[in-house]
Amino acid sequence: MVQLYNLHPFGSQRVVPCKQEPAHFCCGQDVLFVASTAASCRVEVFAVRDQGRCEPLGSFATLGPVLRMAHSSAGDYLVTIEEKSKATFLRAYTNWRCMSAGSSRVCVRMVGHKMEESYSETLKEQMSVVEMPLSDPPLCISCCPVNGDLLVGCKNKLVIFCLKYLVINQNLTVLDFERSLILHIDNLIPAEVAFCARHIAITTELDVLILKLELVQQSADWTEQCAQGVSAPEKTVDGGVKDESPSTHTLQLELDEFIICQKPVELLGEESKLCEIPITLESTELPTEDTKCFQVRYLLFRRFTPDQSPFGFCEETKLHSVQLLPVYQTGSSLTAYEETENKRELLSLFCFFSLPHVGYLYSIGKVVEVISTYQYSEKSEQAVLTPQFLHVITSENLQCFTVRCSAAAARDEDPYIDTTVKACPPVTLDVCTLRMQLFIGPRAICHFKNHIILLTKADTEDITERRKPTRRMLSRKADSIKSRTNSESEPGWNLYIINTVSTIQLYREMVDYSRTYENVKTESCIHLLSEAHLLIRAAIMDPHFLKSDEKEELLRAFRESCAFLGDCYSRFDTKDYHLALPYYRMSGLSMTEVLQRLVSEGDEIQTYEKGLIFYLTHSLNEDLNEELSKESGNKILQIFYLADPVQLPHILCSPCMRNVCPLTAVKYLQKVEKMMPSVVLTLTKAFLALKMGDLIMYEHEMDSYKETMLACGFTGQPQLLRQRKGGIVMPTEFAVHLKEMQPGLLVAATVALHENRKIELEEADTFFKMLCSNSENTIPQLLVDFWEALLVVCSQEEILQELLLRVTSQYVWRISKKQLPETKPLKTTEDLINSCNHFGLIFPWVTSIMSTGCSSDKDYHEDISRLQV
């Protein structure tokens with residue numbers, strides 16, 4: 001499903017001042033290359049300035065009409081397929097920028113030609129044309145954006161040329177190419193190819209094949225095999241014999257009279273091996289120690305059938321616009337642009353291809369899967385994919401769609417996405433059309449940075465209509481008329497450079513647009529804000545983000561978009577209400593700020609959705625250091641009383657609620673108690689009574705249940721006894737009071753917490769030491785009482801052995817140091833003997849020691865009698 005919004009991603013547009021009608025064009029870094037039609041055989045070069053202003057840099061002649069052209073950012077070279085005398089040639093133009101300085105010198109050389117040192121000064125000031133001869137005519141080309149290698153598609157084969165940097169001397173480095181690998185593919189005529197980071201995408205009229213060249217660990221045998229070629233299994237028929245029947249040609253002639261449609265197929269990952277397209281690798285490099293050996297891994301194969309209609313098959317059903325889009329690791333930008341291009345780390349890779357009425361976007365990284373499907377309102381001519389948008393031209397429109405590349409890449413980059421810590425809109429989120437801009441006769445499109453280059457050419461009937469002298473025609477800008485010297489002969493074409501608006505400007509428009517759905521249609525509001533968030537996220541993931549002038553503004557917009565999404569999931573009744581928590585966390589907003597955004601002052605009957613309750617519950621229970629004001633705390637009490645009263649005792653124990661009014665809290669608890677009484681609620685009321693200094697109320701609440709029930713009640717809310725502050729366990733006022741007045745209840749409650757895995761043994765040690773204000777090396781008697789009580793109920797052998805060691809060590813230390821316990825032990829020796837089998841009858845040697853008077857003070861006899869494990 002494709003949502004349709006009427007936003008404005010396109011800004012100003014200008015006409016490129018071409019002298020001849022463009023046949024092909026492409027962009028690179030900060031320039032635009034325009035190849036003229038057959039008559040002129042020239043390539044014009046324009047520098048693209050701010051706001052899309054084009055300044056001519058010059059032009060250079062080609063061998064013949066340009067059939068295909070592409071620019072590589074790595075190496076800054078232009079590669080073309082040219083035709084002359086019914087023959088096609090592959091040529092690379094390097095050092096072409098020197099012509100803008102006025103130099104007209106051109107050096108034409110064969111690929112791999114050794115350049116002598118004597119030519120160094122000449123090479124610096126002239127453009128070099130590298131001829132790359134091939135045994136078969138080149139049909140299509142693609143440059144790798146990561147390392148600048150060149151892929152050439154020919155009939156039944158693909159040829160890879162590696163980009164080389166030849167150091168002539170310390171002042172001069174020139175570009176050259178080396179034919180390194182040939183992929184032989186039977187019965188395949190590529191219409192388009194795409195190449196990126198050893199990934200290859202090939203399309204024919206109705207088939208798509210995506211491959212990856214994987215490095216193989218070298219060995220002596222493998223190096224020799226690489227030199228000879230590595231083969232994939234060939235397709236065989238009739239028991240393994242290759243089909244070479246002489247009747248094949250006759251059969252083909254008979255079949256030419258019919259349209260044969262094979263069954264549609266989609267094979268992903270390992271299953272794509274079943275496509276039965278054999279591939280043979282032939283290494284053409286000289287084998288050395290550094291020679292890389294590859295094997296082919298199939299990633300995707302998809303076969304389509306022609307569109308069907310009541311009138312028969314549509315013969316124009318052909319694939320177009322195959323493209324591989326890399327997304328790089330965030331923050332990998334380096335100081336120099338060239339270093340950035342060569343060293344940035346690839347994070348994710350996406351592949352797009354399109355039929356006339358539908359486009360497909362796949363992720364081909366760790367998992368091969370379709371991300372989005374684009375349904376066009378009319379037949380498409382060409383499409384271009386960017387990290388933020390998909391731009392598609394039809395017969396009358398330039399359409400702008402959103403993409404999900406940043407959502408998929410974010411999950412590849414950050415393992416904490418889709419947790420309570422971080423969130424990102426799902427990859428499966430419906431795509432939307434941001435704009436359908438009317439143009440007459442769009443023919444071709446390309447994109448770079450924030451510019452779209454669009455060639456339009458009206459049909460004959462359109463030209464006739466436009467020649468009528470209307471007021472609108474008379475008001476056309478003069479520079480548009482002057483830009484075409486051949487306007488009389490070909491008045492119907494224009495080459496536009498269209499500026500896309502800044503990310504921040506479009507983000508603001510999307511946020512404003514979303515407010516129209518705020519109270520009407522929940523899903524559309526969340527959808528549009530999710531699109532705005534992904535727009536910002538894609539800009540932040542751009543390799544040049546760290547050097548962007550908008551860096552701080554983009555980061556602020558990112559946090560703001562997270563806050564807006566948090567608001568939606570808090571306010572709206574949606575199944576994804578839990579996303580309020582991670583989005584608010586990413587926004588950097590405090591609980592107080594969130595409450596100010598969502599809660600109306602003095603509104604006693606306001607309803608609160610699950611998202612807000614989920615956010616507040618987790619934030620209050622996860623030991624945040626934020627202390628809410630009295631007003632904010634009272635507001636939270638009101639929210640939970642109305643939305644989830646059962647949680648009131650728990651949220652009152654949060655450190656964040658330290659400043660809440662105790663009297664107000666007690667009133668709310670009394671209301672809840674009438675409906676849902678519980679031990680935890682009674683203990684919370686007693687806790688608040690201590691805060692108010694009301695001992696009568698405290699005693700009344702504590703007498704409501706037996707001590708055993710109270711001890712178990714603390715397991716329902718451990719923060720009544722201990723809270724964490726800066727990662728340290730701190731006793732509460734309640735625990736301090738119990739230590740003085742009811743130490744037995746305190747020890748029993750702590751034992752219950754340990755047995756219910758609410759406190760670890762080491763945490764309990766720290767808790768009692770801090771409670772008794774003892775140093776780290778001093779063991780308080782209350783801690784010994786806890787150990788002895790835990791011995792009675794603990795069933796874990798490992799903990800039992802640890803406890804026995806501790807109490808034994810403590811008894812020995814007291815006897816040896818003649819140290820008396822600071823408080824009276826809770827249990828006597830007889831109590832311990834009767835309560836568990838770890839304390840048996842007193843051994844005779846213990847009785848003997850006590851009778852011989854080794855200790856003149858009978859107070860030590862208790863520890864001696866306990867020392868029998």
Side-chain angles (χ1 to χ4, degrees), residues 420 566-585 589-692 697 701 713-721 723-724 732 734:
T420 58
D567 292 345
C568 286
Y569 289 112
S570 295
R571 287 175 174 158
F572 301 150
D573 183 12
T574 170
K575 63 181 178 66
D576 295 321
Y577 64 87
H578 62 278
L579 293 176
L581 177 62
Y583 278 121
Y584 275 139
R585 283 181 170 172
L589 294 176
S590 65
M591 271 192 289
T592 301
E593 292 169 326
V594 170
L595 287 172
Q596 290 172 350
R597 295 169 69 94
L598 298 178
V599 180
S600 303
E601 291 295 332
D603 189 354
E604 295 291 335
I605 60 172
Q606 182 175 351
T607 58
Y608 304 101
E609 297 296 342
K610 294 179 181 178
L612 176 60
I613 303 303
F614 186 83
Y615 163 73
L616 290 175
T617 301
H618 277 263
S619 298
L620 291 168
N621 290 331
E622 292 182 5
D623 305 323
L624 298 181
N625 295 322
E626 179 186 0
E627 287 191 16
L628 295 170
S629 66
K630 180 180 178 181
E631 294 75 16
S632 297
N634 291 342
K635 194 64 187 178
I636 287 179
L637 287 178
Q638 177 194 334
I639 291 172
F640 276 91
Y641 175 70
L642 294 173
D644 194 4
V646 177
Q647 293 295 326
L648 265 182
H650 302 282
I651 64 116
L652 279 167
C653 298
S654 169
C656 306
M657 299 289 283
R658 194 170 288 115
N659 298 323
V660 73
C661 175
L663 186 58
T664 304
V666 168
K667 289 180 180 178
Y668 277 113
L669 289 176
Q670 287 172 343
K671 294 178 182 179
V672 176
E673 190 174 31
K674 294 177 180 178
M675 301 179 291
M676 295 168 285
S678 68
V679 180
V680 175
L681 190 147
T682 299
L683 289 171
T684 307
K685 287 174 67 180
F687 182 35
L688 293 170
L690 282 178
K691 280 191 172 185
M692 295 187 293
M697 177 183 172
E701 297 298 336
F714 283 108
T715 61
Q717 185 44 260
Q719 292 191 103
L720 285 167
L721 293 179
Q723 294 179 345
R724 295 180 186 274
T732 63
F734 204 167

Practice problem: Measure from the side-chain N and O atoms of R658 to the backbone N and O of E627, and report whether any donor-acceptor pair falls under 3.5 Å. | Solution: no
Self-check item: Sole candidate of I636, V594, I651, L581 that passes side-chain contact (heavy atoms from CB on, under 4.5 Å) when paired with S619
Solution: L581
Practice problem: Give, for atom CE of M657 and atom CE of M591, the distance between the pair rounded to the nearest 0.5 Å. | Solution: 8.5 Å
Quiz prompt | G716 versus H650, closest heavy-atom pair with distance | solution = O-CE1, 3.3 Å
Quiz item: So how far is it from L683 CG to Q717 CD, rounded to the nearest 0.5 Å?
Solution: 10.0 Å
Practice problem: Identify the heavy atoms of E701 and A686 that sit nearest to each other, and give their distance. | Solution: CB-CB, 4.0 Å
Exercise. Evaluate side-chain contact (heavy atoms from CB on, under 4.5 Å) for N621 paired with Q719, printing each intermediate quantity in order.
Key: CA-CA 9 Å; N621 290 331; Q719 292 191 103; 4.1 Å; yes
Self-check item: From F640 atom CZ to L612 atom CG, the distance as rounded to the nearest 0.5 Å
Solution: 7.5 Å
Quiz item: So, N659 side chain and S629 main chain: donor-acceptor pair closer than 3.5 Å or not?
Solution: no
Quiz prompt | Side chain proximity check, Y668 to T664, heavy atoms < 4.5 angstrom | solution = yes
Quiz item: Given the rule in the side-chain contact (heavy atoms from CB on, under 4.5 Å) test, do L579 and T574 qualify, once you have shown the distances and angles that lead to the verdict?
Solution: CA-CA 10 Å; L579 293 176; T574 170; over 6 Å; no
Quiz item: Once the angle between the rings of Y577 and F614 is folded into 0 to 90°, is it parallel (under 30°), tilted (30 to 60°) or perpendicular (over 60°)?
Solution: perpendicular
Practice problem: Drop me the distance from C656's SG to Q723's CD, to the nearest 0.5 angstrom. | Solution: 9.5 Å
Self-check item: Nearest heavy-atom neighbours spanning A665 and L652
Solution: CB-CD2, 3.6 Å
Quiz item: Of the non-hydrogen atoms in I613 and A643, which two are nearest, and what is the gap between them?
Solution: CD1-CB, 3.5 Å
Quiz item: Just how far is it from atom NZ of K667 to atom CG of L688, taken to the nearest 0.5 Å?
Solution: 13.0 Å
Quiz item: Is a side-chain N or O of E626 found less than 3.5 angstrom from the main chain of T592, in a donor-acceptor match?
Solution: yes
Quiz item: Which heavy-atom pair separates K630 from C661 by the least distance, and what is that distance?
Solution: CE-CB, 3.8 Å
Quiz item: Nearest 0.5 Å, what's the CZ-CG distance between F572 and D567?
Solution: 9.0 Å
Quiz item: Is it the case that more than 12 heavy atoms not belonging to K610 sit under 6.0 Å from its NZ atom?
Solution: no
Quiz prompt | Shortest non-hydrogen contact between L720 and C653, atoms and distance | solution = CD2-SG, 3.3 Å
Quiz item: Going by distance alone, is a donor N or O of one side chain under 3.5 Å from an acceptor N or O of the other, for Q638 and K635?
Solution: yes
Quiz item: Using the ring of each side chain (for Trp, its six-membered ring), is Y583 parallel, tilted or perpendicular to Y569, with breaks at 30° and 60°?
Solution: parallel
Quiz item: How far apart are the C-alpha atoms of Q647 and L616, what are their side-chain angles, what is the distance that settles it, and do they pass the side-chain contact (heavy atoms from CB on, under 4.5 Å) test?
Solution: CA-CA 11 Å; Q647 293 295 326; L616 290 175; over 6 Å; no
Quiz item: If only atom types and distance count, is the side chain of Y641 paired as donor or acceptor with the main-chain N or O of L669 below 3.5 Å?
Solution: no
